[in-house]
Amino acid sequence: MIKINIILISLFTLFNQIIAQTNLSRFVVGTFTENSSAKGIYSLTLDKTNLELKSELIYEIKDPNFLCFSKDKRFLYAVSERKEGAGVVAFRFENGKLLFINKITFGAGTEPCHLAVSEKHVAVANYGGGSVYILQRNPDGSLSPVIQKVMHTGSSIDPARQQKPYVHQVSFTPDGKFLLATDLGTDKVVAYHYNSANAITPLLFSSEVKVKPGSGPRHLAMSKNNKYLYLLQELDGTLSVITRKKTELSISGISSVKQNEMEETAAADIHISPDGQYLYATNRGSAQNISVFSLKNGIVPKLIEQCSVEGNWPRNFAITDDGSFILIANQRSNSITIFSRDKKTGKLKFTGKSVQIGSPVCILEY
């Protein structure tokens, strides 16, 4: 009887430990360290039962402003857009810890701000350089020097922000056949054929789509069926729906995160819920909010709600894999705020919980 009780207690303890683990969501956070209390890359754990957040510095490094995991989560890559040290860093990711592998430096003026990872390459969006770089990924996760540089050309109508190309985001399509690049400076989204087997020029121009002049493409999200791109434009808050048909891109609808003409607009990040039914987009400027759109009826997103982010300058956010919470990285208030999400209606509610991290600018769940 004693042995049976011991076994039952052990099983009960193990069961509780498993339940406790399933109630945790874990993230990595990229930051700006210059003129900030931040020191590098942080880990963040959310206990979804009591909504407690715990943060820990896991690697001290200058300005790791955007992060991206390899598909298997074995490696993490970070870009830094600051001056002479601008470039991309490769890490091995083990048990929530980072082990430095190598760094490839691009130099001043490139300002890398975003990156995407495939099995064989890392693509980097160079904001100030107006270009896309391709680096080879080696089996050990390390990176080669740049093997291909694709320069964008042109400008648009805003004399302060669009006097030249400013590439803001790069994304591989789920089928791995294309790389998409948004260009704030030229008001374009450019699609490149991607050939991972080509060791010299894996990118080849495919097509491009021009959006509203002066709107400033920033980030995009892809629909669950991969037929549509939802493009958030920073300068005027436009939300454009772009249809993908074979190799061609075309505008098929327009919405907006800007509902008040008096608002100062600085639209930032965009994501679709795990079920593909709702779209979320943040707006900085004077709005400091997150917009909730329904994708249930028709192609064009339907605005159903706008909420304060309870912080300042919501640069990036993450939806938990189970769709229950949204964590918003507020750069200027040095905070990450937690919102619960109604899976049926898509609507958000501030939980009253947050954590302080200096200048958070990227948050990824793992």
Side-chain angles (χ1 to χ4, degrees), residues 17-31 38-61 63-80 88-101 114-119 121-124 137 139-143 169-172 174 176 219 221-222 269-275 280 315-330 335-341 353-355 357-366:
Q17 289 174 344
I18 293 172
I19 294 297
Q21 288 298 312
T22 61
N23 284 332
L24 298 179
S25 288
R26 295 179 174 87
F27 308 83
V28 289
V29 180
T31 65
K39 295 186 181 298
I41 300 173
Y42 291 79
S43 69
L44 189 66
T45 302
L46 168 65
D47 187 326
K48 291 179 285 189
T49 302
N50 57 26
L51 301 183
E52 292 298 325
L53 278 170
K54 294 182 180 179
S55 64
E56 177 187 2
L57 178 68
I58 56 173
Y59 201 89
E60 189 166 342
I61 187 173
D63 293 324
N65 57 295
F66 198 88
L67 313 173
C68 192
F69 278 110
S70 60
K71 187 176 181 179
D72 59 11
K73 300 294 198 303
R74 292 177 59 208
F75 303 101
L76 181 76
Y77 299 91
V79 290
S80 174
V88 58
V89 184
F91 297 96
R92 179 178 292 278
F93 189 68
E94 294 181 356
N95 300 317
K97 303 297 182 182
L98 292 175
L99 301 174
F100 176 84
I101 301 176
H114 197 276
L115 75 168
V117 179
S118 73
E119 183 179 352
H121 297 97
V122 168
V124 180
R137 283 186 66 210
D140 65 355
S142 64
L143 296 174
Q169 184 192 38
V170 285
S171 301
F172 287 106
H219 281 193
M222 300 180 200
D269 199 18
I270 182 170
H271 294 286
I272 294 174
S273 59
D275 60 9
Y280 299 83
R315 186 181 175 107
N316 187 244
F317 68 95
I319 306 173
T320 55
D321 290 342
D322 64 4
S324 298
F325 298 92
I326 287 183
L327 282 71
I328 302 176
N330 300 294
S335 64
I336 295 175
T337 47
I338 313 174
F339 290 76
S340 60
R341 177 178 171 271
K353 300 284 188 174
S354 65
V355 65
I357 293 179
S359 294
V361 291
C362 179
I363 179 168
L364 298 176
E365 188 171 10
Y366 66 88

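Since the model is a prediction, treat every value here as computed from it, not as a measurement.
In this structure, the side chains of Glu94 and Arg74 stay at 4.5 Å or more apart for every pair of heavy atoms. Considering only heavy atoms from C-beta on, Leu76 comes within 4.5 Å of Leu98 through its side chain. Inter-residue side-chain proximity for Thr31 and Ile41 is flagged as unmet; no heavy-atom pair is nearer than 4.5 Å. Put simply, the side chain of Phe339 does not reach to within 4.5 Å of the side chain of Leu327, judged on heavy atoms. In this structure, Arg341 and Ser273 have side chains that are in contact, with non-hydrogen atoms separated by less than 4.5 Å. Inter-residue side-chain proximity for Phe100 and Arg92 is flagged as unmet; no heavy-atom pair is nearer than 4.5 Å. Looking at Tyr42 and Ile58, their side chains never come closer than 4.5 Å, going by heavy atoms from C-beta outward. Using a 4.5 Å heavy-atom threshold, the side chains of Asn330 and Ile336 count as separate.
Here Ser359 contributes atom OG and Asn65 contributes atom CG; the two are 11.0 Å apart, rounded to the nearest 0.5 Å. Expressed to the nearest 0.5 Å, how far NE2 of His219 lies from CD of Gln169 amounts to 5.0 Å. Interatomic distance, Lys54 NZ to Thr45 OG1, rounded to the nearest 0.5 Å: 8.0 Å. Note that CG of Leu57 is 9.5 Å distant from CD1 of Ile357, once rounded to the nearest 0.5 Å.
Looking at Leu24, Ile338, Val355 one by one, the single match for side-chain contact (heavy atoms from CB on, under 4.5 Å) with Leu46 turns out to be Ile338.
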* For Val124 and Val170, run side-chain contact (heavy atoms from CB on, under 4.5 Å): C-alpha distance rounded to whole Å, both residues' side-chain angles, the deciding distance at 0.1 Å, then the answer. => CA-CA 7 Å; Val124 180; Val170 285; 5.8 Å; no
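Between Thr320 and Ser25, the closest heavy-atom pair is CG2-OG, 4.0 Å. In plain terms, the two heavy atoms of Cys362 and Asn316 that are nearest each other are CA-OD1, 3.2 Å. The two residues Gly141 and Ile101 come nearest to each other via the heavy atoms C-CD1, 4.1 Å. Taking every heavy atom of both residues into account, Phe172 and Ser118 meet most closely at CE1-N, 3.7 Å. Of all non-hydrogen atoms in Ala329 and Val361, the two that sit nearest each other are CB-N, 4.5 Å. Heavy atoms only, all atoms of each residue included: Leu67 and Leu364 are closest at O-CD1, 3.3 Å.
Using modelled atom types, no side-chain atom of Arg26 and backbone atom of Leu44 make a donor-acceptor pair closer than 3.5 Å. At least one donor-acceptor pair under 3.5 Å links the side chain of Asp269 to the backbone N or O of Phe317. Of the possible polar contacts, one joining the Asp322 side chain to the Ser324 backbone as a donor-acceptor pair under 3.5 Å is found. The backbone N or O of Ser335 lies less than 3.5 Å from no partner atom in the side chain of Ser354, so there is not a single donor-acceptor pair.
Separation of the His114 and Phe66 ring centroids falls under the 6.0 Å cut-off. A centroid separation of 6.0 Å or more is found between the aromatic rings of Phe75 and Phe91.
The side-chain contact (heavy atoms from CB on, under 4.5 Å) check on Lys73 picks up Phe69, Tyr366, with sequence neighbours excluded.
The number of heavy-atom neighbours closer than 6.0 Å to NZ of Lys48, taken from other residues, nucleotides and ligands shown, is above 12.
The pair Glu119-Lys71 does not count as a salt bridge, with every side-chain nitrogen at least 4.0 angstrom from each carboxylate oxygen.
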